[in-house]
**Student:** 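Take a look at the following structure, please.
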Amino acid sequence: MSTVTTTVALEHRSPVRTLGWAVPALVILLALPFVVDQYQTILLAYGLVMGIAALGFNLLLGYTGLLSFGHSAYFGVGAYTVALMVKYLGVTSMELFLVGAIVACVLVTAVFGIACVRYTRIFFGILTMALSQVLWSLAFKFFWVTGGTDGLRVPTPTLLGLVTGKGDKIAFLATAYYYYVLGVFVICTLVMWVIVSSPFGRALQAIRDNEVRAEFVGIQIRQYRWVAFLVSGVFTGLAGALWVPLNGLTTPDIMHWTFSGEIVFMTVLGGFRSFTGPIIGAIVFNYLKTYAVGYTVYWQLLLGVVLVVLVLSLPTGIVGTAERLWARWRAR
Amino acid sequence: MSASVPSPVLLETRKLLKQFGEFRAVDHVDFRVQEGEVLALIGSNGAGKTTLVNLISGLLRADAGQIIFRGADVTAQTVHQRIAAGIARSFQLVNLFDQLSALDNVALAIFSRQGKTRKLFSLADADRPVWDEAMAVLHLFRMESKARLSAGGLAQGERKLLDVAIAYALKPRLLFLDEPTSGVSTREKAPIMDTISSVVRSERISAAIIEHDMDVVFSYADRIVAMHQGTILADGTPDEIRRNERVLTTLIGTPETRG
Amino acid sequence: MDIVVIHALNALLYASVLFLIAGGLSLIYGVMRIVNLAHGNLYAFGAYVSAWVVGLLVARAPEGASPSTVLLLLLLPAGAVAAAAFGALLEPTLLRPFYKRAEEYQLLVTFGLLMIIDDVIRWLWGPYPLSASVLFENFGSLGIGDAIYPTYNFLVIAVGALAAVFLWAFIYKTRFGVVLRATSQNMRMSSALGVNVNRVYVQAFTLGCLMAGLGGAIIVPSQSAVLGMGVDALILSFIVVVVGGLGSLEGALLGALIVGVVREAGIAWFPEIELAVLYLIAAAVLLIRPAGLFGRA
Amino acid sequence: MVSQPAPVLEVEKVETYRGPAQILRSVSLTLGTGESVCLVGRNGAGKTTTIDTIMGLLPSRSGRVRFKGQDVTRLPAHQRARLGIGYAPEDCGIFPDLSVEENFQITAWLGQAAAVTADDQVFAIFPEMKTFMARRGLHLSGGQKKMLAITRALTLKPSVLLLDEPFEGLAPVVVTRFIEAVRAIKALGVSVLIAESHVQNAGRIADRLYAIDRGEIIFAGRPAELLGNAEVMKTLHG
Amino acid sequence: MAEVNRRDFLTGLGVSVGASLAALPGLPSVGVAHAQGTPKGNIPDHPYKIGHMTFFTGPAAVLGEPMFKGQQLAAEEINATGGLLGKRKIELLKADENAGTDANVKELRRLKLSEKIDFFCGITSSGNTPALGPVAEDLKCLTMFVDGCTDFLFDKAVPNPHYVFRTTNIQSADGITTALAIVQTWPKSKRIAHIHPDYSYGRNAFDHIKIVMKKMMPQAEVVSEGWPKLGTTDFSSHITKAISSKPDLVVSSVWGGDYVAMYKQALRYGMFQKAKFATTLALGVAPHALGKDHPEGVIAGVHSNYHFTYPGGDKWPLNKTFVEKYHARFNEYPNFQAEGAYTTTYMLKTAIEKANRLVGGWPDDDAIIAMLEGMMMAGPAGYVYIRPDNHQGYKDAMIGFSKNTDEYPFPILDPARIITIPIRSITAPPGWPKGEPTSTFTWIDKTWPTAKV
C-alpha cells in the first residue's frame, strides 16, 4: 500500500479568511500608539519597516527560490538615495523620498538583476553578496559624497506636505511617522500579497519548484526572475528609505553583507514558506536584537544560538510552526 | 482508421542531427506527425527517442537540420515560442510543481497560455474562468478529487496524469508524451492510457507517445515509428510493425533467440 | 627597485595567509559542498589561541628573560591544532544534520556559528587585542638593497608556500588525498567502495579548519589577534575562492595571489577604490566564469 | 523450481522510494554462491533501484537484505562494501580527476585490499587495462570506463558483484568480450547480479533470471523459460 | 596674509615646552575631599540612573573599557558618601557602542524612554556622537559625551545644543597640537607621509595637520597617503608605501591595537630609521599596551588631552590621587578616556550641587544645564571649561615625546619635554561662522599668518 502522505496545499486562502486575521491585526497596529509608550511605538515602526524589507526579500527566497545574500545593498540604496536627496537637492518631502528610492532601486536592481538571474543556488548568493559589497565599499570610501563611516544625516521629513517633525521629534516619530510607516506597510503588504497571488506570483513559485517544467508551460524563466529581483529590491529599498528618517542617519553598516545576513535571519525566523512569515520574523527579530543588545554585551552569541536552534529544530519558522500547532490543535 | 485519408502534415523534421561528442543520438532524422493522429515512438534504450522529443520541444538545440511546425521553421525558436505555436510535452520523470496544488499546476499552464503570468497586479484566485477551465481539465483526467492536494503528495500514477494534464492545458496542437506510464504499477497502466487517449482523441490533438510497453503501443497508437541507434528503423501501422522483420530482430527478439 | 621587491613580498605575505584561509574554505566546499560562513572565525580562533599560548609562556618566563624563539615557534601551531580540534567537534554535531537540507539552511547555520564564535572568543579572551609580537621582534629584519624587511614575514611566506606544496602533495600524492578527491568527485561511489564518507567529511573539515587556524597562528606574531578579524578574513577569502573557483585548491592559490597583488597595488596607487576593486574583480569573474578560473561548473 | 546453491544474498520484500514515488514493490530475490543472476526489465522498471537498495545507497522503507546470512538492511554502503559487496554502477562512477591507477588503489588504501599489482588476477579479466593505467578517469572511453568500474569493484575481493547495465552503450563485439569477462569473474568464485535491459544479453550469461516491471518481480526462472514466456517477453520487449 | 617668524608665532600662541600648571584658587575640583554643604530642600532617594554607552567589544574596547571604569570609579566614590546630594546613589547602565550606529540610536531611545535614565554618558567613536547628539536632544535627555570628539557634532549635527555636552577636547585640537609640535620640533621637514585610519577621525587629523603645515611649514608637501581601514592589523603595504615616498617625516593618527601592530611592523621595516615620526594618539589609548621597543623621541600624541604622568604629582595632587585610586581599583593606569569620564561625573555632581544651592530640592535638567554652561573645574588633567555657546569642553592641549624610564615597563611622555598649548589659541572663537571641513579649519586658514621659510 502506498504510504505517501497527501498534504493539502496551503497556497489558497479565500480573501475573506485572510481578512479575518488581517483586519484585527491592523486594528491592533492602529490602536497600539494609544496603549503603549512612545518607545515601543517607535520600535514597532522599525519592525514594520524591516517587515517591508523582508517581504521584498522573501519574494526571491520563498517564492522564487533564490537566496540573496546581498539585499543590504538595496536597503542601502533606498536609504542613501534619501540622504543624498537631502544633501544635494534639499528635498524634505517623504513622498519624493519614496519615489526617489524606488527610481534608484529600479536602476540598481535592473543592472544587478541582469547579472544575477543567470545563476541559482550558491552562485546566486555569492554574486549578490559580491555586488552588494561593491556598493558598501563605495559608500565607505567615497566619503566626500557619502560621509564615509560617519554616514549622512537625514532630518525629519515632511509627510504628505503637511506634517513636519519640527519640535518634538520623538512624538513625531511615535505618532505621525508611525502611522505613515504603517500606511506604507499596509500598502506594501497588499501590493505584495497581490503580486504573490497573481498569475505572475504563481509563475514564480512554479520556477522555484521546477525550473524545467516551468519553462515547458511557457514561462521565460530569466525574465520572470529578473522582474522578481526588481520588485524584491524595490521593496527592500523602500524599506531603506522609510528607515532613514526613523534612524536619523544612514551609515555604510546597512550596506554590509552581515546586514543581508540579518534580513535572511529574520525571514527564516518568521518562516519563508508563508506570506506572513517574513513580517512576523522582522518584527520579532527587531525586538530580539534590540533587547539582546540592551541586556547583554554577548548579544551576538544570543542571536547566533537562537539562529542555530531555530534552523535545527524549527525550520519552518514561527509562522510555520504556529500553523502546524494550530492544525494539530484543530485536528483534536 | 485515419491512415486511409492522408491528413495534412503538422510537424516535420528534416535531417535533424544531434551529437553528444562522437555519439550521434539523433542522426539525420526525417520524422513526421500528421494532424490528429496518435503516434508511438518505440525503440530500445538509447535509440534516440527522448533526444528527438527534446530537440522538437526545444529542451535541446539541434546541431543540424530543420524542424518545421505547421509550415513554419521553428528550429531556432525558444521553448516559449514553440509552446505558443502549439507544441507541448510531458516528461518521463514526472516534472511537477510539488509545492503547488494539483489545481494550481494546471491553472498555471492556463495562465501562461493566456499570457496572464505577465500580470503582477491581478489576483489569480479571482480569475474564475481559468479555475473553471483548470477544474474541467482535471475532470477530463479524472482527478478533480485531488485538486486541492499538493502535487508533491500525489501517488505516482496521479502525478503522471497531472503531468500530462499540465501539457494538455496549454491547448497544444501537438503533444509529446514521454513514457506516460513508466514508473506506475501494472494495475494503473491501462486506466492512465485510457484517460489520456480519450482526451487527445476527443480533442483531436496530435500526440506522439514514447513508450516501451508494447501493450500500450499496439492498443493505443494509429502509427508506430521505431527508432534504432539514432535513426528511424521503421514507420507504419501497428500491424505493419508487428510483421516487420527488422523491428522484430532488433527490438523484440527473433524466434531463433527465443528458442 | 627595492621598493618593488618589498611590495611584491608584501603581496606574497598577504597571499600566503589568504591562501591558508581560503584554501581551507575551498577544500571544505569541494568535499562536502558547504560554504562555511564561520570559517573566518576559525582563523581568528587560531590567532587567539596562538597569541594566548605565547603570551602565557612569556608571562611565565623569569623576569627580564625572554623564552627561546625556538620554543615559541614550536608552540605557535597551537592555534592551528586548536582550530582543527574545534572543527572536528563542529562538523559531526552541527553541520552533519544539514547536508541533506537546502543550502539556505547550511548558510544560516554557519552564519549563526559565525556570531557565536565571535562572542565566544571575546568571552574567552576579552576585548583587548592579543599579541605574540615577541616572536616577530626576535626575528629582526633583513636588508634588501636599501630597504629592510621583517625576517618573520619570510617565515610566513615560506609557511604559505610550504602549505601549498604540502597540501598539493597531500591531496595528489597520498592515499588519504586520493580518498578525499574520490569522495569529493563522487560521494556515492566512494561509499560503495568502502569509504566511510562521514569520516572523510570530518577529516576534510578538520583539515580545512587546521589551515585556517594555521593562517591565524602564523600571522599573529606580526599583527595581533583582534575582534572582528574573522569576518574581514571571511569576505576576503570569499573573493579568493570566487576568483579561483569554489572547491579548487589551485584556484585558491591563484585567487590569493591575485587578491594579494591587487590589494597591494590598490593601497599603493589607487587607495580610493582599493576595496571596491576587489569586489568588482569577484563580480566580474562570476559574470564571465561563474565557476571561477579553476572551477568546474 | 530449479535446485539452487546456498544463497549468498537474499532480498526479501523490499519496498524502496525515491522522494515521494514508490519504485520497488515488495521485491524479493536471491543470489546463490557462484551463481550469475540477471535482473531484466526496461528503463525505469526498478533495476537500478534494486541494485542501489542492495548496495545500501538507497534506504528501503521495509523488507530486508541479507548477505551471507547477516542482516545488512540497516548498514551503510561502505560497511556493505567492506563485507564483500562489489558494485559497478551504470554510469561507471569513475572518479574523473583520478588516474586509473588511483581509481584502483582507493580500496587498497582504505585497508580493505592489498594494493593491486599488475600481475594480480583481477587484471587477468581485462588485461588491456594495463595500457591506460596513467590516464585520468575523465579521458577514458565508454568501454574503458566499464572495464575500470568492474575491475575496481573486484579489488575489494567481493563475494557478490553488482553490475548495473554493464553492457550498455557497448558495440556488439565488445559485449561478447564483456560477457566472457563476467564468466571469468564467476570462475573466480564471485557471485554476480547483473541488471540488464536486453534479454538476449541476459540469456547469454545468466544462470537464472528475474524480470522486473513497474517495481514488481514478474518472473523468475531459467533464461529459456523466460524466452518461452510470451507474456513476460511482451512486457520486456527486449 | 602677512608673513611672520615661525618661532614668534608659536610663542604668541602660547606653545610651551615643559611648563606646568598652577592651582587657581576658588574653583571646584574633583574628588570627595571637596565636601559640599548640606543639600537644600527635599531630595528623593531613588537612584540616579546613568546610561553609559561605550565600546565594550570590538577593537575600540581598549578605549571604551577605561572610559567606563573612570565613571565607575567616580560613581563608587560618590555613592560611598551617600550619593548625589547625599541621597541619590548613582546606578550605571552599560550599553555596547559596538552594536553599530543604528543599534546605538535605538539603544539610546530605549535607555531614555524605557529604562528612564536621568543622564546619558560615554561614547568613544566620533562617528557616533553626531548620530546620537540629535537623538539625545530629541529625547530631551541630559547628555555629556566624554569623547566622540568630532568638530562636526557642535559645528553641524547639534549647532545649538541644549541637553548635549562634551568634555574631552575637540577633534581638531588633536591634529593641530600634533602639527604645532612638529613645527616646534622639526620645522625643516619637507616630505611628509601620512597614515591615517579611514574614517572621520583620521581625515580630521589629516585636514588639520595639513592646514597648520600650510601656514607654518609652507615648504612641506604630502608625499604619500595611506588610509588603512579601522581594525586593520596588517600595515605592511601602508608602511612600504610611506617608506617608498622617501619622507622626512611620517605622521599617523592610527590608534589602539592597530597602532601597536603598526609600530611593531614599522620597526621591522626600518621606518623609524628612515624618517621622523609623529602621532596624534600613540600614548593616549592604553599606555601599558606599548612595549619598550617603541621608538623613543617620537612625537607621541595623547589625543591632546591627558597622560597619566602629567601634570606631575608634585605640582598637581589631583592627578596623583586619581592615578593612585584608579590603579588601586583596576590595576592599570588611566587613559584620557578614564580621566574624561571621571571628571565628567564630578562636573555633573558639581552642577547638581550648585543648582541645588540655588533652587533647592532636586534640580531639574534645565537648572543643571545652566550650571554646566560656563563651568570651569579642576580635574586630574588640569582645568576644564565648558564653553556656554557650544557646550564643548576645553582644556589646554598637550603632547610630548616618547621616552623609556625605569619607573614604568612601557614608554611614557618625556616629563621634561611636555608641550602644552592654550586651547583658545587653537580653536575657532565663539561666533566664528561654521565652516568646511570644520570651523577651526577655516578659522586657521583665514586668520593665521604664513611663516617665513
Side-chain angles (χ1 to χ4, degrees), chain C residues 26-27 29-33 92 96-97 99-102 167-204 207 244-253 291-297, chain D residues 19 48 51-59 75-113 115 136-138 145 148-149 151-158 160-164:
Chain C
S26 209
L27 179 81
Y29 179 82
V31 176
M32 51 199 86
R33 307 284 142 185
R96 193 168 297 167
Y99 294 137
K100 288 198 175 129
R101 286 172 62 182
L167 218 70
W168 177 84
F170 184 70
I171 299 290
Y172 289 100
K173 297 289 163 198
T174 69
R175 297 169 170 206
F176 178 73
V178 173
V179 173
L180 196 71
R181 281 188 290 146
T183 308
S184 77
Q185 287 164 32
N186 192 337
M187 185 264 271
R188 274 166 56 94
M189 192 61 223
S190 301
S191 72
L193 286 171
V195 175
N196 185 344
V197 172
N198 278 343
R199 191 193 292 166
V200 173
Y201 277 10
V202 180
Q203 288 163 335
L207 180 61
L246 214 53
S248 152
L249 278 175
E250 296 90 333
L253 187 60
L293 299 177
F294 272 88
R296 271 187 289 274
Chain D
T48 296
I51 298 274
D52 284 357
T53 307
I54 295 169
M55 194 61 229
L57 296 169
L58 267 182
L75 287 188
H78 71 271
Q79 288 189 19
R80 300 190 199 197
R82 290 171 185 193
L83 284 174
I85 305 182
Y87 166 68
E90 185 177 359
D91 67 0
C92 301
I94 303 304
F95 305 116
D97 281 353
L98 268 56
S99 71
V100 171
E101 187 164 11
E102 286 172 328
N103 265 283
F104 276 125
Q105 304 294 30
I106 190 162
T107 54
W109 291 345
L110 285 162
Q112 294 132 32
R136 282 207 305 164
L138 189 66
K145 282 186 182 169
L148 174 54
T151 317
R152 183 178 61 183
L154 285 175
T155 60
L156 279 167
K157 310 276 180 216
V160 165
L161 183 61
L162 308 175
L163 301 178
D164 194 357

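Protein chains get the first letters and strands the later ones, always in sequence-line order, with residue 1 at the start of each. Values below: all heavy atoms of this structure, side chains included; hydrogens, waters and symmetry mates excluded.
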**Student:** Under 4.5 Å between any side-chain heavy atoms of D/Arg152 and C/Met189, yes or no?
**Tutor:**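 With C-beta onward as the side chain, the pair touches.
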**Student:** When rounded to the nearest 0.5 angstrom, what is the spacing between CG in D/Asp97 and CD in C/Gln185?
**Tutor:**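 The CG atom of D/Asp97 sits 4.0 Å away from the CD atom of C/Gln185.
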**Student:** Quick one: does D/His78's side chain get under 4.5 Å of C/Val197's, heavy atoms only?
**Tutor:**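 Side chain of D/His78 against side chain of C/Val197, heavy atoms only: no contact under 4.5 Å found.
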**Student:** Within a strict 4.5 Å, meaning less than it, do heavy atoms of the C/Arg188 and D/Tyr87 side chains meet?
**Tutor:**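 Yes, side chains in contact.
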**Student:** Does some side-chain heavy atom of D/Arg82 sit less than 4.5 Å from a side-chain heavy atom of C/Asn196?
**Tutor:**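 Sidechains of D/Arg82 and C/Asn196: in contact.
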**Student:** Can you establish whether the number of heavy atoms outside C/Arg101 located under 6.0 Å from its atom CZ is more than 12?
**Tutor:**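 Correct, the count exceeds 12.
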**Student:** Looking only at heavy atoms, what is the nearest atom pair of D/Ala81 and C/Gly194, with distance?
**Tutor:**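 Between these two residues, the closest heavy atoms are CB-N, 3.4 Å.
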**Student:** Which heavy atom of C/Ser191 sits nearest a heavy atom of D/Leu57, and at what distance?
**Tutor:**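 Looking at all heavy atoms of both residues, the closest pair is OG-CD2, 3.5 Å.
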**Student:** Any non-hydrogen side-chain atom of C/Ser190 less than 4.5 Å from a side-chain atom of D/Phe95?
**Tutor:**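 Yes, their side chains come closer than 4.5 Å.
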**Student:** Testing the basics here: between D/Leu98 and C/Ala182, what is the closest heavy-atom pair and its distance to 0.1 Å?
**Tutor:**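 It is CD2-CB, 4.0 Å.
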**Student:** Looking at CD1 of D/Ile94 and CG of C/Asn186, how far apart are the two atoms once the value is rounded to the nearest 0.5 Å?
**Tutor:**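 D/Ile94 CD1 to C/Asn186 CG: 9.5 Å, rounded to 0.5 Å.
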**Student:** Against chain C, label D/Asp52 side chain, backbone, both or neither, depending on which of its atoms sit under 4.5 Å from a heavy atom there.
**Tutor:**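 Side chain only.
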